Colleague: 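What follows is a single structure, and I will ask about it in a moment.
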Amino acid sequence: MKKVLKLENQPIATYNSISFVQSIILAHSNLKNELYNSYINLICRYSDDLKSVGMTFLDVAWEDFRLRGLVNMELYSVSYIREGNIASFIKERIDHDYYVLLYKIDEFYLPYSEFYQKGHYMHDTYIYGYENDDFLVMAFTKNNKLERVSVKQKEIEDGLYSAWLQDQGLGFCSLQVNNFIRKRLNIKQIGDSLYNYLNGKDNKGNNSSDFTAYGLQVYDLIKSFLNNYIILDNKVGLDIRVFRTLWEHKKLMKLRIEKIGEVYDIDNQYHIEAEELERKAQALFFALIKYYKTYDIDIIKRAVLILDDIKEKEKVIIEGIIHIIKQSY
């Protein structure tokens, strides 16, 4: 027996939950334009722990897409499913074209994890199909890569029930694409979101604060963290996901400009500059990986300068794109 739901290779791979739903959206032609309409704004929250500064895309969680009517979601409690029946229940959901999100599973039981048979570590896991006695899963593997792997159904059951023993309110959800809706490229939405990003606002127009930054303001918050590293100079680890997210944001901005260029006459210079920004953000990410291994404080000092450069050049690009697309509404 086999059932595999569609996934497409997605541009982002920093956070499993965001990456998985993006791969679903891209795999369905009626929703694909949501890649360009969304994934524009960023949010970064202040943390006293310099190793766990969080930055991610704004308003692209599973629940956000449900509220926009793009997907249907159903919630289930593990407590109401008899032990030994969980695999059959999940397979039944997949048979009805539902992707499955396990909010929490004990990776002690999952062979792809670095915690396999070593420690009880709870994390989320995403299932997009099954084949014989295996579930098909998207997850971060022991190589610290987001990959698609096969996991024995019994291992998923054991991991889920182990997590349930610690949290008996544990649930999971399933997601089904709404095939009755078709997302078009929404130029007004893109323009409004770019404006909010440019001015450090969330997607409802609220300003950044001292503890939460939106849009271009995330650069200033990240710089403040890096300047603290320079002051401390004590070999503190970095949350490298911040800089990977920044790189992925530039990837998507480049793709969005290319897509808008199919509708409007955009000077080729914008495409060149967007591609250059992506390269700079990628180089910054790899430089910070090197810092994580060497703790060379000069890398942090250069990173601050690179961030300033990316911010100023991106500001010019976005101002130009907003000017072009605002002529249509």
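FYI, the numbering just counts along the sequence from 1. Please read these numbers as outputs of a predicted model, since none were measured by experiment.
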Colleague: Between K204 and D202, is there a side-chain N and carboxylate O pair less than 4.0 Å apart?
Modeller: no

Colleague: Is the count of non-hydrogen atoms from other residues, nucleotides or ligands lying under 6.0 Å from K311 atom NZ greater than 12?
Modeller: yes

Colleague: Do T245 and Y15 come close enough that some side-chain heavy atom pair is under 4.5 Å?
Modeller: yes

Colleague: Could you check if a side-chain atom of Q10 sits within less than 4.5 angstrom of a side-chain atom of L26, using non-hydrogen atoms only?
Modeller: yes

Colleague: Decide whether S208 and Q217 meet the rule of one side-chain donor and one side-chain acceptor closer than 3.5 Å.
Modeller: no

Colleague: If we count only N and O atoms by modelled type, under 3.5 Å, do the side chains of E248 and T14 hold a donor and an acceptor together?
Modeller: yes

Colleague: Would you say the rings of Y76 and Y80 are close, in the sense that their centroids are separated by under 6.0 Å?
Modeller: no

Colleague: Go through it in stages, so that I can follow the logic: the residues are E275 and R279, the test is salt bridge (Lys or Arg N to Asp or Glu O under 4.0 Å), and I'd like the CA-CA distance, side-chain angles, deciding distance and then a yes or no.
Modeller: CA-CA 6 Å; E275 190 169 343; R279 284 197 294 267; 3.4 Å; yes

Colleague: Check V242 against M55 and note the closest heavy-atom contact, atom names and distance.
Modeller: O-CE, 3.2 Å

Colleague: Looking just at side-chain N and O atoms, do Y103 and D167 make a donor-acceptor pair shorter than 3.5 Å?
Modeller: no

Colleague: Do H96 and E92 have side-chain atoms, one donor and one acceptor, less than 3.5 Å apart?
Modeller: yes

Colleague: Kindly compute the distance separating CD (E63) from OG (S17), expressed to the nearest 0.5 Å.
Modeller: 13.0 Å

Colleague: Does K259 pair with E262 as a salt bridge, N-O distance under 4.0 Å?
Modeller: yes

Colleague: Can you confirm whether L110 sits close enough to V137 that some side-chain heavy atom of one is under 4.5 Å from a side-chain heavy atom of the other?
Modeller: no

Colleague: Any side-chain heavy atom of Y99 within less than 4.5 Å of one from S174?
Modeller: no

Colleague: Distance from N143 atom CG to L146 atom CG, nearest 0.5 Å?
Modeller: 12.0 Å

Colleague: For residues C173 and M73, report the shortest heavy-atom separation together with the two atoms involved.
Modeller: SG-CE, 3.7 Å

Colleague: Look up atom CD1 in I90 and atom CG in L102, then write down how far apart they are to the nearest 0.5 Å.
Modeller: 5.0 Å

Colleague: Please name the residue in the list R184, R182, K183 that meets the salt bridge (Lys or Arg N to Asp or Glu O under 4.0 Å) test with E34.
Modeller: K183

Colleague: Under the criterion side-chain contact (heavy atoms from CB on, under 4.5 Å), I'd like the reasoning laid out for Y197 against L42: C-alpha separation, chi angles, the key distance, then a yes or no.
Modeller: CA-CA 7 Å; Y197 176 83; L42 293 172; 4.2 Å; yes

Colleague: Can you tell whether the side chains of E278 and K254 come within less than 4.0 Å, N to carboxylate O?
Modeller: yes

Colleague: Show, in sequence, the C-alpha distance, side-chain angles and deciding distance for L5 and D97, and conclude whether the side-chain contact (heavy atoms from CB on, under 4.5 Å) test is met.
Modeller: CA-CA 7 Å; L5 301 180; D97 296 327; 3.6 Å; yes

Colleague: Could you pull out the closest heavy-atom pair between Y116 and E155, with the gap in Å?
Modeller: OH-OE2, 4.4 Å

Colleague: Just checking Y195: does its OH atom have more than 12 heavy atoms from other residues, nucleotides or ligands closer to it than 6.0 angstrom?
Modeller: no

Colleague: Determine whether the side chains of Y112 and S150 contain a donor N or O and an acceptor N or O closer than 3.5 Å.
Modeller: no

Colleague: If you measure only the distance, is there a donor-acceptor pair under 3.5 Å linking the side chains of T141 and E147?
Modeller: yes

Colleague: Would you say the side-chain atoms of N203 and N196 include a donor-acceptor pair closer than 3.5 Å?
Modeller: no

Colleague: May I ask you to say whether D309 pairs ionically with K280, meaning some side-chain N is under 4.0 Å from a carboxylate O?
Modeller: yes

Colleague: Please report the shortest heavy-atom distance between L246 and A281, naming the atom on each side.
Modeller: O-CB, 4.3 Å

Colleague: Would you call the rings of W164 and Y161 parallel, tilted or perpendicular, taking 30° and 60° as the class edges?
Modeller: perpendicular

Colleague: Please name the pair of heavy atoms, one in M138 and one in F20, separated by the smallest distance, quoted to 0.1 Å.
Modeller: SD-CD1, 3.6 Å

Colleague: Quick test of your reading of the model: are R68 and D64 salt-bridged, counting only N-O distances below 4.0 Å?
Modeller: no

Colleague: H120 versus F115: any side-chain heavy-atom pair under 4.5 Å?
Modeller: no

Colleague: Do you see a donor-acceptor pair shorter than 3.5 Å between the side chains of Q269 and E273?
Modeller: yes

Colleague: Going hydrophobic residue to hydrophobic residue with side-chain gaps under 4.5 angstrom, can you get from L136 over to M1?
Modeller: yes

Colleague: Give the ring-plane orientation class for Y126 versus W62, where under 30° counts as parallel, over 60° as perpendicular and anything between as tilted.
Modeller: tilted

Colleague: Thinking salt bridges, do R302 and D298 make one under a 4.0 Å N-O criterion?
Modeller: no

Colleague: If you round to the nearest 0.5 Å, how far is CD1 of I86 from CD1 of I81?
Modeller: 3.5 Å

Colleague: Looking at K313 and E276, does any basic side-chain N land under 4.0 Å from a carboxylate oxygen?
Modeller: no

Colleague: State, yes or no, whether a side-chain contact exists between I25 and K32 at a heavy-atom distance under 4.5 Å.
Modeller: no

Colleague: Which is it for K315 and E312 under the salt bridge (Lys or Arg N to Asp or Glu O under 4.0 Å) test, yes or no, and what are the steps along the way?
Modeller: CA-CA 5 Å; K315 181 179 178 181; E312 291 308 311; 5.1 Å; no

Colleague: Side chains of I12 and L252: does their closest heavy-atom pair fall under 4.5 Å?
Modeller: yes

Colleague: Answer yes when E314 and K250 have at least one side-chain N-carboxylate O distance shorter than 4.0 Å, and no when they do not.
Modeller: yes

Colleague: Would you say the side chains of Q153 and Y130 form a donor-acceptor pair under 3.5 Å?
Modeller: no

Colleague: With side-chain hydrogen bond (donor to acceptor under 3.5 Å, both in side chains) as the test, would you mind laying out the steps for N206 and K201 before giving the verdict?
Modeller: CA-CA 5 Å; N206 299 311; K201 300 175 182 290; over 6 Å; no

Colleague: Show the nearest heavy-atom pair for residues I24 and V177, with the distance to one decimal.
Modeller: CG2-CG2, 3.6 Å

Colleague: Rounded to the nearest 0.5 Å, what separates atom SG in C44 from atom OH in Y214?
Modeller: 11.0 Å

Colleague: Is a salt bridge present between K154 and E157, judged by a nitrogen-to-oxygen distance below 4.0 Å?
Modeller: no

Colleague: Quick one, L226 and V304 - any side-chain contact, counting heavy atoms below 4.5 Å?
Modeller: yes

Colleague: Less than 4.0 Å between a side-chain N and a carboxylate O, is that true for K3 and D95?
Modeller: no

Colleague: A quick test of your reading: do over 12 heavy atoms of other residues, nucleotides or ligands sit less than 6.0 Å from NZ of K142?
Modeller: yes

